Every structure is written in C-alpha cells, then in structure tokens.
Protein chains: 2
Amino acid sequence: MDVDWDDLKTVLALVRAGSLAAAGAALGVNYTTVARRVQRAEAAVGVPLFERLAGGYQATETGLLVAEHASEMEARENALLRRLQGRDQTLSGPLVITAPQLLIGPMIAPVLDRFSTLHPDVSVKIRATNDLLNLNRREADLAIRISRNPGDTLMGLRLCAQHGASFASPELAARIAADPQGRIDWIVYEFSPQVPKKALELYPNSRVRMVFDDMVAMLGAARAGLGVVRMPLFLGRTTPGLVQVPMLPPQPYIDIWVVAHPDVWRSAKVTAFRDLLVPQFRKMRHLFVSGTGSEETEQVHRETNA
Amino acid sequence: MDVDWDDLKTVLALVRAGSLAAAGAALGVNYTTVARRVQRAEAAVGVPLFERLAGGYQATETGLLVAEHASEMEARENALLRRLQGRDQTLSGPLVITAPQLLIGPMIAPVLDRFSTLHPDVSVKIRATNDLLNLNRREADLAIRISRNPGDTLMGLRLCAQHGASFASPELAARIAADPQGRIDWIVYEFSPQVPKKALELYPNSRVRMVFDDMVAMLGAARAGLGVVRMPLFLGRTTPGLVQVPMLPPQPYIDIWVVAHPDVWRSAKVTAFRDLLVPQFRKMRHLFVSGTGSEETEQVHRETNA
DNA sequence: TTCACACCATGCGAAAACGCATGGCATGGA
DNA sequence: TCCATGCCATGCGTTTTCGCATGGTGTGAA
C-alpha cells in the first residue's frame with residue numbers, strides 16, 4: 001500500500017477547487033489528467049475519495065482526510081522552498097512584491113525604478129492588492145502593508161508612521177469654508193463607517209453620505225466633489241484634485257510595514273529591495289506625517305505567534 | 001518555482017540509500033529513473049543537490065535540506081496511511097505482525113492457525129525479529145514485544161507478566177547436581193553480560209564462559225551442554241533438551257506486550273488478531289510464571305510522549 | 001598488474017502518462 | 001420549450017517517462 005505523492009497533491013487540488021476543470025487549471029494540467037490521478041489515488045487507498053455529482057466532484061469523508069494530510073505535506077514543501085529561497089544569494093530570477101494599490105504610485109514606483117536599473121536580471125512581479133497574501137504559501141516574497149498587525153510568524157520593519165486627515169475637492173472645500181455651519185457630507189470606508197469622532201465634535205452637522213468598500217473609488221468620488229474623505233496624509237497630498245480640509249485635524253493613522261517570512265528575509269533579492277525601500281520611506285517621511293515630530297522611523301518586529 | 005513531489009521523495013531515498021542503485025531498489029524503480037528524477041529536482045531548485053563521486057551520490061548541504069523536509073512530508077504521508085488503515089473495517093488484505101522469533105513457535109503460531117482459518121481473506125505476514133520495527137513508519141501493523149518500554153506514542157496491552165530462570169542440558173544439570181560446589185559455566189546475553197547477581201550469591205563458583213548476541217544461538221549452545229543460560233520460563237519449558245536448574249530461582253522477567261499505533265489499533269484486522277491473541281496468553285499464563293500468583297494479566301497502556 | 005566488482009553515464013525501444021476532441025448529462029435562463 | 005453553459009466520461013494520437021543494455025571509471029583484492 002503506497003501512494004504516489006503527486007496523486008495526493010492532485011486530490012488536494014481537487015478538494016480545494018471542487019471540479020476537475022478548476023483543479024486542472026490550478027495545477028496547470030489538463031482536467032482529464034486530474035481525473036486519472038484521482039482514479040489512481042482511489043485505487044491505491046481502496047476507498048472512494050469523491051462522489052461524482054453533476055455539479056462537480058464532492059469529497060467524501062475519506063477524501064477530506066486525504067486532503068488534510070496532503071495539505072500538511074504541502075506546508076512542508078512550502079517550508080522547503082522558502083528555505084531554499086532564503087539561501088539564494090543571486091540577484092537574478094523572480095521576485096514577487098505585494099503592496100496596497102495606492103501606495104505603489106507615490107512610494108514604491110520610484111524604488112522599483114531604481115531596483116530594476118540596479119538589478120536588471122531580477123524579474124519583479126507586483127501584486128497590487130489590499131488582500132493580505134499568504135507569505136507562508138509563497139504568494140509573495142515581500143509585502144508592504146498598512147496594518148496594525150503586520151502578520152503572524154513574519155518578520156518586519158516599520159517603514160513609517162503616518163497621519164490621517166480629511167480631504168475634499170477644491171470646490172467643496174471652498175463651499176465648506178464659506179459656510180462652516182452647513183451640512184458636511186462624508187464618504188466613509190466600510191471598515192469604519194462613521195464620521196470620525198473628532199470631526200463630529202468640531203462639525204456637528206457632519207453626516208455619512210455614502211459607504212464605500214474601495215479606496216480608489218473613494219478618491220474618485222472625493223475628486224468629483226461628492227464629499228469629505230478621511231485618508232492617509234500621503235494619499236491626499238499626492239492625489240491631484242484634492243485639498244486638505246479642516247474637518248479632521250491630522251491624527252495618527254496606521255503604520256506602514258515591510259514584512260517577509262523569516263526564511264526569505266535575508267535572501268539577496270529581498271535584502272536588496274529592502275535596502276532601497278527603507279531609505280525611500282525615510283526620505284519621504286514628511287509626506288506621511290504632519291508637523292515635525294521626530295518619531296522613530298524604524299523598528300524591527302518579530303512575532304512568533306504560532 | 002515548483003517541485004514535483006515524487007522528485008522530492010526520490011531525493012530523500014537517494015540521500016538515505018547513498019547510491020542510485022540502492023535508492024532505485026528501495027523505491028522499486030530502475031536506478032536510471034532515480035538519476036533522472038534527481039536531475040529534474042536539481043533543475044527545479046537550481047542548485048546541485050548531490051556530488052557525483054566514484055563511490056556514489058553524496059548529498060550537498062542543500063540536498064540534506066531537501067531530504068529533511070521530504071522526510072517530514074513522508075511522516076505526514078505515513079500518518080495519512082495509518083489513519084486510512086485505522087478506518088478499514090474489512091477482514092481482508094494484508095496484515096503485518098512482528099514478534100520475537102522465539103515467541104512465535106510456542107505462542108503465536110496457534111493464534112495464527114486459528115486466525116487464518118477464521119479470516120482466510122487476510123494475508124498475514126510475519127516479521128520475526130527482535131528489532132523494534134517502526135510502527136509509525138508502518139513497518140508492521142501490530143507488534144508483540146518483550147520490553148519494559150512498549151514504545152512511545154504507541155498503544156498497548158500487557159499480555160503477560162513472566163518469570164525468568166536458569167536452564168541447561170540434562171547432562172550438565174546432572175553434573176552440577178552431582179557437584180554443586182564445582183565451577184558453573186554460564187552463557188550470557190550481551191545486554192546483561194554478567195552472571196545474575198542472585199545466582200552468584202547462591203553459587204559463588206559461577207563464571208561467564210561466553211557472551212552471545214543471539215538467543216536462538218544461546219538455546220543451541222545450552223542444549224549442546226556448553227553452559228547454563230538465563231531465559232524466560234516459557235522458553236526453557238517449551239524447548240526440548242533443556243531442564244530447569246536451580247542456579248537462578250524464578251524471578252520477574254520482562255513483560256510481554258502487544259502494541260500498535262493508536263491510528264490502527266481499532267482497525268478490523270488488528271482488532272480481530274488481538275481478540276485471539278489475548279485469550280491465548282491468558283490461557284497459557286501458567287507457562288510464563290512460576291507459582292500461582294494471581295497477578296493482573298491485562299492493562300491498557302497509553303503513552304503520549306511526543 | 002590484472003581481475004572482479006561496485007558505481008555511474010548514455011542511447012534506444014517499450015510503456016505509461018498526457019492533451020485534445022467528441023459526446024452525454026444536468027442546470028438555469030430566455 | 002429550447003438553447004447556452006457548466007460539468008464529466010471516453011477514445012485516440014502524441015509526448016514524456018521509464019527500463020534495459022552497453023560502455024566507462026575508480027577501488028580493492030588476488
């Protein structure tokens with residue numbers, strides 16, 4: 001009784017994907033291959049692992065058991081690949097970086113420019129998303145995150161503290177300045193769907209006009225004059241068509257971190273990128289904070305929260 | 001960057017075996033296949049995993065790293081296979097049992113006889129060895145062990161307590177009886193290469209004549225009259241050509257346990273075998289102990305010593 | 001030195017795995 | 001009802017992988 005490891009891998013993919021076609025796409029093989037490998041696996045263990053339904057393959061209890069263990073095997077494989085990557089001291093090959101969409105233009109792009117000039121053999125891939133990609137699964141090598149919790153089991157460096165404030169289109173700003181006691185419309189983010197407390201104290205006539213789930217769209221709405229938006233200072237300052245308004249005085253916002261898995265933290269490509277990234281944020285610190293407070297700009301962070 | 005899991009498995013086998021041929025034999029494939037898979041793995045990780053030396057393949061540091069993680073993947077595979085086996089409620093297919101060579105004839109053989117009659121579809125394999133096979137790695141499904149420590153992480157049932165005593169050939173026994181003060185030659189086991197303390201007190205002229213590393217050979221030597229041997233009561237009593245001698249009065253010996261991995265403990269075949277094994281030892285208890293002490297004969301044992 | 005015996009590299013034909021194309025089947029919307 | 005869209009099963013030709021056989025090399029014993 002012995003099972004082909006790739007068949008186990010295929011069972012795992014099929015359990016995750018739910019259909020032959022999707023699993024095949026995930027594995028980069030034809031779906032018939034998935035079907036055949038699953039058949040082999042079932043023959044090997046002597047028990048059906050899936051029910052063939054019209055809507056796709058549904059894992060049996062045994063199939064889930066197999067997938068569970070295969071998933072643990074995959075975790076070990078990922079650990080291995082991270083370790084191998086960590087010892088890689090070459091400045092060539094792929095490097096995957098993830099960062100929030102809106103941070104890339106003003107802050108990351110200049111770094112990317114210099115990096116690809118200095119290290120032309122590195123093929124950089126940017127994954128611009130607010131999703132927290134799983135660095136354990138090697139979905140990215142290095143992440144720039146705006147977060148209170150840069151990531152369990154990850155290693156990180158605080159790039160910058162930042163302040164948030166309120167911004168609006170010049171026309172709206174002028175209208176408000178002309179009638180500060182009038183109604184003030186806010187566009188708020190779904191994760192804090194209220195008018196900021198401080199703003200409500202200063203301008204009791206504030207109200208929520210709309211709730212958005214996407215900051216890019218909020219920027220667009222703000223520029224179109226739909227309302228006042230709370231956002232990080234750097235964003236308001238670097239977005240044309242927005243001016244700061246006094247509804248919300250600058251106040252601490254979420255820090256910016258660069259994080260990576262400890263296994264890959266010291267690899268050549270990740271190190272080289274950090275070596276450009278950190279000075280960039282140090283140089284541009286004025287963009288992020290209000291006033292001249294001399295806060296610390298770097299801090300090593302390590303969590304071992306298993 | 002993605003690696004074929006079977007290539008990892010092959011790297012592990014090659015690190016363990018040390019040569020293409022040996023690894024191929026272990027995997028059940030031609031050695032050229034091993035060579036090709038290793039080449040693929042090296043191409044995938046971009047680093048050499050082995051040095052090709054005249055005497056075989058020597059793993060590089062990176063190769064060892066790969067093997068280490070592959071070994072952990074293998075451990076998860078074994079866990080899976082055990083779990084699958086544990087849910088197997090059929091009384092057909094393979095069942096591997098290991099027991100000390102000398103216990104098989106007098107005690108296990110009758111059980112095997114009944115078992116294969118009751119369950120003719122089970123193909124039983126006996127691994128008769130004093131080595132402690134690794135039940136985690138599924139080298140056997142069920143083990144009968146004479147041991148103070150039936151096995152970490154295993155589940156067990158104490159089949160029987162037993163006594164040990166001294167035995168010799170009838171001729172030697174007669175000679176000693178005729179001259180109890182004369183020199184008494186012992187054949188001892190390498191793990192306790194001394195004349196038993198109690199025997200030395202009673203017969204100060206005892207001395208070690210030879211040290212053996214194998215109990216079968218010691219039985220042979222004892223029957224040939226080479227000396228007195230300390231052995232379990234059941235062994236002396238069931239071996240023709242030996243008689244008990246008074247040098248060493250019966251005293252506690254190592255217990256006999258039946259153990260299995262918790263994952264497979266309750267599977268149908270293992271349970272069915274235990275159901276015959278336990279009564280057999282209960283019935284034959286008189287063979288193992290001296291006198292009529294009414295000791296407990298069963299005791300569930302569970303260790304979780306990770 | 002010479003032979004025997006490990007080991008490994010390479011080339012070729014056989015076998016297995018794979019991708020593609022066709023067809024069947026169920027579901028859901030027009 | 002009919003069609004469109006997902007699914008999956010099956011058959012066929014191609015690609016890849018594999019096993020075998022040959023040849024080369026270094027080591028140790030006669």
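Since we're looking at a predicted model, the values are computed, not measured. Chain identifiers are assigned alphabetically (A, B, ...) following the order of the sequence lines, protein sequences preceding nucleic acid strands; residue numbering begins at 1 within each chain.
For A/E42 and D/dA9, the CD to C1' distance is 14 Å, given to the nearest whole Å. Rounded to whole angstrom, the span from the CG atom of B/L14 across to the P atom of C/dC7 amounts to 12 Å. For the pair A/R52 CZ and C/dA26 C1', the computed distance is 17 Å after rounding to whole Å. Atom pair A/F50:CZ and D/dC8:P shows a separation of 11 Å (rounding to whole Å applied). Put simply, CG on A/L20 is 12 Å from P on D/dT10, counting in whole angstrom units. In this structure, A/L53 atom CG and D/dC7 atom P are separated by 13 Å, rounded to whole Å. Note: CG (A/D4) to C1' (C/dA16) measures 13 Å, nearest angstrom. The CD atom of A/Q58 sits 15 Å away from the C1' atom of D/dC8 (whole-angstrom rounding).
A salt bridge links A/D88 with A/K269: at least one charged nitrogen is closer than 4.0 Å to a carboxylate oxygen.
Heavy-atom contacts from other residues, nucleotides or ligands closer than 6.0 Å to CD of B/E61 number 12 or fewer.
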Evaluate the side-chain contact (heavy atoms from CB on, under 4.5 Å) criterion for residues B/H261 and B/N136: first the C-alpha distance (whole Å), next the side-chain angles of each, then the deciding distance (0.1 Å), finally the verdict. CA-CA 7 Å; B/H261 195 285; B/N136 293 328; 3.0 Å; yes

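Between the side chain of A/R209 and the backbone N or O of A/R207, no donor-acceptor pair lies under 3.5 Å.
Looking at B/L20 and B/R52, their side chains never come closer than 4.5 Å, going by heavy atoms from C-beta outward.
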For nucleotides 16-23 of chain D, 5' to 3', base contacts (B), sugar-phosphate-only contacts (S) and non-contacts (-) with protein non-hydrogen atoms under 4.0 Å give -SBBBB--

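Among the atoms of the strands shown, only primed sugar atoms or phosphate atoms (P, OP1, OP2) are found under 4.0 Å from some heavy atom of A/A21.
A side-chain contact (heavy atoms from CB on, under 4.5 Å) with B/I104 is found for one member of B/I126, B/I144, B/I97 and no other, namely B/I126.
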